[in-house]
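Note sheet for the following structure.
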2 protein chains.
Amino acid sequence: MSRSLKHVAIREYVRSLVEGSAPGTAAPSERDLVDRFGVARMTVRQALDALVSEGVLERFPGRGTFVAAPRRTASGVTGFSEEMARRGIVADSRTLAADQLPAGENLARALQVPAGIPVVHWRRLRTADGRPVCLTDAYLDRTRVPGLLESLPTSLYDDLAARGLRPSWAEDMLAAATATPEEAALLEVPSGAAVLRHHRRALAGDAVVEVSRTVYRGDAYTLNVQLCS
Amino acid sequence: MSRSLKHVAIREYVRSLVEGSAPGTAAPSERDLVDRFGVARMTVRQALDALVSEGVLERFPGRGTFVAAPRRTASGVTGFSEEMARRGIVADSRTLAADQLPAGENLARALQVPAGIPVVHWRRLRTADGRPVCLTDAYLDRTRVPGLLESLPTSLYDDLAARGLRPSWAEDMLAAATATPEEAALLEVPSGAAVLRHHRRALAGDAVVEVSRTVYRGDAYTLNVQLCS
DNA sequence: TAGTGGTCTAGACCACTAT
DNA sequence: TAGTGGTCTAGACCACTAG
């Protein structure tokens with residue numbers, strides 16, 4: 001080890017001690033670690049601070065340091081396939097279009113590409129347990145997903161992940177509306193039925209990787225979101 | 001000041017220095033702060049550590065400490081008043097009911113209270129720029145919000161914050177549906193118009209502080225969400 | 001009362017950056 | 001070369017908790 005970084009060594013030692021332990025299990029006290037590693041207490045505290053801010057440990061003044069209960073996590077950025085899998089539902093989809101279209105002004109701005117250049121367009125009718133649930137139009141910067149249209153993946157988000165473009169950030173808009181006749185026909189609902197419109201702009205780092213517009217059947221889909229602040 | 005907490009004083013001093021500064025602006029160096037406050041360097045570092053982990057400052061070894069570019073933040077847990085204010089819209093509301101009702105089974109479970117005990121119920125018709133936008137039924141554990149019904153606040157979330165119960169976590173469900181005749185009348189839309197149903201369970205720490213059901217006019221409201229993972 | 005974490009001191013050496 | 005943050009030491013006193 002070229003650079004020792006004692007606080008890292010201590011941190012990883014404690015992490016390995018603690019991983020798999022039940023919440024509430026006592027971690028070594030700061031002074032124990034001082035003795036064991038022969039370091040100053042500030043160094044131990046630096047190590048434990050990291051684990052506390054990671055949510056691995058909790059400190060209670062006067063009592064000690066303990067394994068923290070797993071944190072609640074906000075819902076991440078997931079695609080339809082994942083979301084359905086999480087609910088234990090068999091998701092499937094039928095591709096209605098997979099082509100390239102010149103980007104209109106709004107789309108171009110959202111995708112951060114020049115207006116008028118062709119972008120990848122993929123339209124799918126998605127089903128859950130065999131029943132139509134939603135209609136998705138996904139738009140992507142063709143330079144980021146070469147070959148996508150030639151071999152369409154099962155899950156767009158898995159494919160993006162494989163390209164190192166897994167969205168880590170999404171801006172979503174949700175609104176209730178009524179189905180257009182075309183949407184109604186595809187979703188097999190009466191024209192004018194209530195639908196949930198969902199627009200998404202998904203980013204990986206600073207790059208916009210997907211802009212999508214989805215229409216969900218109001219009677220067949222509920223969106224769940226966990227928020228934190 | 002009964003307890004000085006030097007690192008807090010230093011942290012807030014730096015925060016006030018820095019707030020409003022452009023990203024990239026240099027913050028005082030650690031040794032400057034040592035001189036200014038007459039403290040040890042570890043104390044200064046403790047103060048700056050907090051601002052760094054808050055995302056206010058960034059450190060660059062060998063260069064210095066600088067104001068960080070604003071982080072992308074996921075949308076927090078906000079109430080309607082805040083949300084409208086953020087959009088620059090004048091929000092108002094009319095109380096339709098403010099009473100206590102025995103909790104049904106589902107509501108009791110969601111609120112973590114025994115079934116059948118009375119819970120606070122507050123129904124409001126909310127308007128934006130004078131037009132009806134949504135109808136909200138909020139349910140709260142009466143023991144957590146004594147006096148709420150006697151003097152109804154303008155903003156529920158502000159009131160909760162004042163009680164130390166600001167929600168920091170919410171589980172939301174969203175679905176499109178059609179308005180019931182009663183909802184339609186209050187929202188001033190035709191019966192059967194598309195509406196967005198929004199159920200929320202808001203928590204502060206481990207305590208459920210609010211369970212609410214909101215019906216938004218589909219033509220008057222779009223929900224925006226930012227997600228990260 | 002013994003042990004814990006919270007806070008703080010007054011130094012030190014290092015690698016790195018900018019000039 | 002001067003200044004910066006990164007790491008580390010060897011103590012100290014405090015308030016709090018548990019037995």
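All figures in this text were calculated on a predicted structure; none of them were measured in a lab. Throughout, protein chains are lettered first and strands after them, A, B, ... in sequence-line order, and every chain is numbered starting at 1. No hydrogens, no waters, no symmetry mates; every other heavy atom, side chains included, goes into these values.
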Original post:
Could you state the CD-P distance from B/Gln46 to C/dT9, rounded to the nearest angstrom?
Top reply: 10 Å
Original post:
Near DNA chain D, which residues from residues 51-62 of chain B have a heavy atom under 4.0 Å away?
Top reply: B/Arg59, B/Phe60, B/Pro61, B/Gly62
Subject >> For atom CZ of B/Arg31 and atom P of D/dA2, their distance in whole Å >> reply: 14 Å
**OP:** May I have the distance from B/Met42 (atom CE) to D/dA12 (atom C1'), rounded to whole angstrom?
**Re:** 15 Å
Subject >> Pairwise side-chain contact, B/Asp32 with B/Val44, heavy-atom cut-off 4.5 Å (strictly under) >> reply: no
Subject >> Whole-Å distance separating the CZ atom of B/Arg45 from the P atom of C/dA12 >> reply: 18 Å
**OP:** Could you tell me the separation between the CZ atom of A/Phe37 and the C1' atom of D/dT9, rounded to a whole number of Å?
**Re:** 17 Å
Original post:
Using a 3.5 Å cut-off on both pairing distances, which stems of three or more Watson-Crick or G-U pairs include DNA chain C?
Top reply: C:1-18 with D:1-18
With a 3.5 Å cut-off and sequence neighbours excluded, list the donor-acceptor pairs that the side chains of residues 102-110 of chain A form with protein atoms.
residue	atom	partner	partner atom	Å
A/Asn106	OD1	A/Arg109	NH2	2.7

Subject >> Spacing of B/Leu33 atom CG relative to D/dG3 atom P, expressed in whole Å >> reply: 16 Å
**OP:** Only counting residues at least two apart or in another chain, list the ones meeting side chain to side chain contact (heavy atoms under 4.5 Å, CB included) with B/Arg126.
**Re:** B/Phe80, B/Ser81, B/Ser93, B/Arg124, B/Cys134, B/Thr136
**OP:** Report the residues that fulfil ring-ring contact (aromatic ring centres under 6.0 Å, His included) with A/Tyr157, sequence neighbours left out, ordered by chain and then residue number.
**Re:** none
Original post:
In terms of the angle between their ring planes, are B/Phe60 and B/Phe66 parallel, tilted or perpendicular, with boundaries placed at 30° and 60°?
Top reply: tilted
Original post:
When you check the side-chain N and O atoms of B/His121 and B/Asp137, is any donor under 3.5 Å from an acceptor?
Top reply: yes
Subject >> Proximal nucleotide (of C/dT4, C/dC8, D/dG5) relative to the B/Glu30 side chain >> reply: D/dG5
**OP:** Output yes when a side-chain donor or acceptor of B/Arg163 lies under 3.5 Å from a complementary backbone atom of B/Pro146, and no otherwise.
**Re:** yes
Original post:
Who passes salt bridge (charged side-chain N to carboxylate O under 4.0 Å, His left out) against B/Arg142, sequence neighbours left out?
Top reply: none
**OP:** Find the distance B/Lys6:NZ to D/dC13:P and express it as a whole number of Å.
**Re:** 15 Å
**OP:** With DNA chain D as reference, determine whether A/Ala40 or B/Pro28 sits nearer its 5' end, using the nearest nucleotide of each.
**Re:** B/Pro28
**OP:** Using a cut-off of strictly less than 4.0 Å, decide whether A/Thr43 has a side-chain nitrogen or oxygen near OP1 or OP2 of D/dT9.
**Re:** yes
Original post:
Have A/Asp172 and A/His198 got a donor and an acceptor in their side chains that come within less than 3.5 Å?
Top reply: yes
Subject >> Length of the CG-C1' vector between B/Leu48 and C/dT7, whole Å >> reply: 16 Å
Original post:
Considering only heavy atoms and no angle criterion, is a donor-acceptor pair shorter than 3.5 Å present between the side chain of A/Arg41 and the base of C/dT4?
Top reply: no
Original post:
Are B/Ser29 and D/dT4 close enough that a side-chain N or O sits under 4.0 Å from OP1 or OP2?
Top reply: yes
Original post:
Any side-chain N or O of B/Thr65 less than 4.0 Å from the OP1 or OP2 oxygen of D/dG5?
Top reply: yes
